[in-house]
Amino acid sequence: MKMKANVFSLCLLLFVACNFIYFPHVTTALSGAGPVPVSDGPTLKKDERWPLVSTEFGEVSAVKIRDGSNGSYYLQFITLNPRALFLPVYLHSEMVFYVDSGNGTLSWMNVEKDKVQQVLLHKGDIFRLTSETVFYIENNVQSSGYLFENLQIYAIFPGSEVDLQIEPQVAGVYTPVHDLVLGFDDQVLQSTLSVPPEVIQELRGAERQPLIVEGQPEANSTYVGLWGIRGLFGRSKHIEAENKMKAYNIFREDRDVDTCFGWSATVTQDVLKHTYFAVFMVNLTKGSMMGPHWDPNTAQIAVALQGQMIIQVLCPGLAGESRCKNSRLKVEEGDVFVVPRSQPMAQMSFNNDSFVFVGFKLGTKKENAQYLTGKNSILQRLDRSVLQKSFNVKNMTIDGLLSVKTENIISECVSCAEEEVAKEQEEAAGGGGGVPPEEEGASEVPPQEEGGGSGVPPRKEGGGSKMLPWKEGGGGWGSMGGGVMEEGGKYVHVH
């Protein structure tokens with residue numbers, strides 16, 4: 001194993017040097033923005049992300065947020081403009097990411113496979129990179145023929161492969177390869193690379209570049225960018241073979257819940273089978289709700305992709321023994337939010353727009369959350385006489401409560417989000433509601449559609465989102481999975 005690691009280190013050094021010799025612009029350093037501050041959560045607005053890199057070709061920002069108890073989570077948001085290149089870095093941590101928009105190429109090499117591998121990235125893809133991996137990313141619209149669109153990637157970095165919630169996160173989750181090479185003395189580099197002194201001096205004297213630059217101008221930038229690597233590893237046979245690899249797309253995943261009011265899906269297998277991560281997505285149509293539920297094993301860290309939503313979060317505990325309080329969270333597109341482990345929640349979309357979010361949590365296999373509805377509801381499984389004593393009501397009341405065994409974990413809930421906002425405003429005005437007022441303007445009910453009458457827009461027949469023509473064979477997002485289509489760049493559920 002030690003010999004294998006040494007071989008990898010030498011290959012890495014050669015790989016980096018070859019790219020520097022032929023492509024001197026690959027001399028990058030992270031922005032001097034300093035360490036990412038820690039937010040106490042449970043939400044963090046889009047404009048509060050910490051900037052790491054910003055150039056005319058793209059940007060990287062980061063979030064570190066606590067879950068309200070012991071855990072903290074580190075995320076990065078990478079945006080590559082058309083033809084942009086995210087220069088090679090060396091990972092110190094596992095990295096799991098989701099592609100929110102655009103298309104690109106991920107190229108990487110790690111200690112397990114001593115050859116460069118590639119995978120094409122598309123909207124909805126999920127991928128994992130292990131620690132000790134060198135990787136770079138291209139927005140390759142020019143060579144792929146796709147529309148000119150930004151490539152947006154949301155990544156999470158655990159401080160440990162065993163536990164996402166480890167507190168002391170690595171200050172820098174990756175290092176530019178420039179620093180890996182030029183950290184050695186000149187004599188060491190000359191002896192290792194067998195190059196004259198002037199080559200080393202040229203490397204040291206080259207102007208540092210930001211992490212994101214313009215990619216190669218040639219039509220096939222991937223081929224040019226890998227010229228040096230192919231010279232090391234034997235032309236293109238390895239790379240062409242690895243190009244057959246595909247990322248796993250969440251829109252192909254079987255749904256955990258699927259109704260005309262929304263759906264949810266969780267990915268744990270395929271590219272995530274060797275990690276402790278799971279990735280999930282929830283799509284709520286207009287005026288809908290994912291009913292009360294909680295995850296007993298892990299906190300959930302999520303990013304809002306579209307729309308806005310109210311989350312009602314309970315803080316269970318004996319009276320007087322809990323330091324947290326029940327709360328309402330308003331979440332908008334681009335916000336990051338955390339729900340701690342075992343805290344019950346209900347998620348409600350507004351009447352005027354659907355809401356979509358993607359999230360990360362621990363989980364090596366699919367484990368159902370605990371719900372208050374459905375055949376596996378804790379209310380259905382408890383003895384009725386015990387429930388009657390617990391609530392101190394008549395048996396007939398309990399019978400009525402349990403008589404409807406609905407499976408609609410996601411159901412219609414017209415104006416529920418609006419009513420939660422109104423309650424919060426009343427509590428803030430009265431000063432006795434226990435929920436602190438939000439920042440100015442943060443709790444306003446979103447603009448309503450024309451003809452809404454008393455502040456609530458009329459419900460369209462059927463209660464769901466705007467319906468689109470159904471394609472034969474399941475429609476879906478392009479050709480991927482039934483039940484979701486894209487309209488104007490937005491996530492729209494159809495049934």
Side-chain angles (χ1 to χ4, degrees), residues 4-5 8-9 11-12 15-16 19 28 30 52-53 58 60 62 73-80 85-100 102-122 124-140 151-164 166 169-170 172-177 179-180 211-212 222 225-226 229 238-239 242-250 267-279 301 303 358 360-362 364:
K4 188 174 183 179
F8 168 72
S9 299
C11 288
L12 170 61
F15 153 66
V16 172
N19 276 277
T28 181
L30 294 182
L52 296 179
V53 177
V60 181
Y73 307 81
Y74 184 84
L75 294 89
Q76 283 193 3
F77 303 83
I78 301 171
T79 300
L80 300 182
L85 173 66
F86 182 98
L87 295 172
V89 295
Y90 179 76
L91 266 177
H92 304 298
S93 167
E94 180 185 17
M95 172 181 175
V96 174
F97 65 83
Y98 168 79
V99 180
D100 186 49
N103 302 274
T105 301
L106 168 70
S107 304
W108 81 99
M109 179 176 68
N110 59 27
V111 71
E112 297 173 354
K113 293 187 177 182
D114 60 349
K115 56 188 177 184
V116 176
Q117 303 170 87
Q118 286 188 323
V119 63
L120 295 179
L121 301 176
H122 307 89
D125 281 351
I126 296 168
F127 208 74
R128 173 202 179 217
L129 292 172
T130 60
S131 60
E132 301 182 6
T133 293
V134 174
F135 77 91
Y136 64 93
I137 306 171
E138 298 168 278
N139 184 338
N140 55 352
L151 175 62
Q152 295 192 74
I153 294 174
Y154 303 155
I156 193 165
F157 304 84
S160 164
E161 290 189 1
V162 176
D163 189 356
L164 173 64
I166 190 167
Q169 297 281 345
V170 180
V173 290
Y174 44 73
T175 298
V177 291
D179 297 339
L180 290 179
L211 188 62
I212 301 175
T222 300
L226 292 174
I229 303 172
H238 295 305
I239 297 174
E242 297 300 335
N243 270 341
K244 297 178 181 178
M245 180 178 294
K246 293 183 179 179
Y248 188 84
N249 196 284
I250 198 167
V267 177
T268 58
Q269 71 278 19
D270 290 290
V271 295
L272 301 182
K273 64 183 178 181
H274 296 303
T275 180
Y276 288 86
F277 270 116
V279 178
I301 172 75
V303 182
V358 65
F360 307 90
K361 62 181 180 179
L362 293 174
T364 57

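- Residues satisfying the side chain to side chain donor-acceptor pair (under 3.5 Å) test with Gln76, not counting sequence neighbours, are Tyr74, Tyr174.
- Results of the ring pair (Phe, Tyr, Trp, His ring centres under 6.0 Å) test with Tyr154 over Phe127, Phe360, Phe77 single out Phe77 as the only residue that passes.
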For this session: Evaluate side-chain contact (heavy atoms from CB on, under 4.5 Å) for Val279 paired with Val96, printing each intermediate quantity in order.
Result: CA-CA 9 Å; Val279 178; Val96 174; 4.0 Å; yes

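- Separation of atoms OG1 (Thr130) and CZ (Phe135) is listed at 11.0 Å; rounding is to 0.5 Å.
- Note that the CD atom of Glu94 and the CG atom of Leu129 stand 9.0 Å from one another [nearest 0.5 Å].
- Not a single ring-ring contact (aromatic ring centres under 6.0 Å, His included) links Tyr248 to another residue, sequence neighbours left out.
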Exercise. Stepwise, does the side-chain contact (heavy atoms from CB on, under 4.5 Å) test hold for Val89 with Val173?
Worked result: CA-CA 10 Å; Val89 295; Val173 290; over 6 Å; no

Problem set entry | CA sep, side-chain torsions, deciding dist, call: Leu75, Phe157, side-chain contact (heavy atoms from CB on, under 4.5 Å) | CA-CA 6 Å; Leu75 294 89; Phe157 304 84; over 6 Å; no

For this session: Mind running side-chain hydrogen bond (donor to acceptor under 3.5 Å, both in side chains) on Gln118 and Ser107 for me, showing each step along the way?
Result: CA-CA 4 Å; Gln118 286 188 323; Ser107 304; 3.0 Å; yes

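- One finds the CD atom of Gln117 at 10.0 Å from the CE atom of Met109 (value rounded to the nearest 0.5 Å).
- Taking CD of Glu132 as the start and CG of Leu91 as the end, the distance is 10.0 Å to the nearest 0.5 Å.
- The CG atom of Asp125 sits 11.5 Å away from atom CG of Asp100, with the distance rounded to the nearest 0.5 Å.
- Side-chain contact between Leu151 and Thr79 is absent, with no heavy atoms from C-beta onward closer than 4.5 Å.
- In this structure, Phe97 has no ring-ring contact (aromatic ring centres under 6.0 Å, His included) partners at least two apart in sequence or on a different chain.
- Taking each heavy atom of Thr268 and Ala278 in turn, the nearest pair found is CG2-CB, 3.7 Å.
- Between Val177 and Tyr136 the shortest side-chain heavy-atom distance does not fall below 4.5 Å.
- The nearest pair of heavy atoms linking Ile126 to Ala247 is O-CB, 3.8 Å.
- Contact annotation: the side chain of Ile212 approaches that of Leu80 to within less than 4.5 Å [non-hydrogen atoms, C-beta and beyond].
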Problem set entry | CA sep, side-chain torsions, deciding dist, call: Ile153, Tyr98, side-chain contact (heavy atoms from CB on, under 4.5 Å) | CA-CA 6 Å; Ile153 294 174; Tyr98 168 79; over 6 Å; no

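- No hydrogens or angles considered: nothing links the side chains of His92 and Ser131 as a donor-acceptor pair under 3.5 Å.
- Closest approach of Arg128 and Thr275 over heavy atoms only: NE-CB, 3.5 Å.
- Between Ile137 atom CD1 and Thr105 atom OG1 the span is 10.0 Å, to the nearest 0.5 Å.
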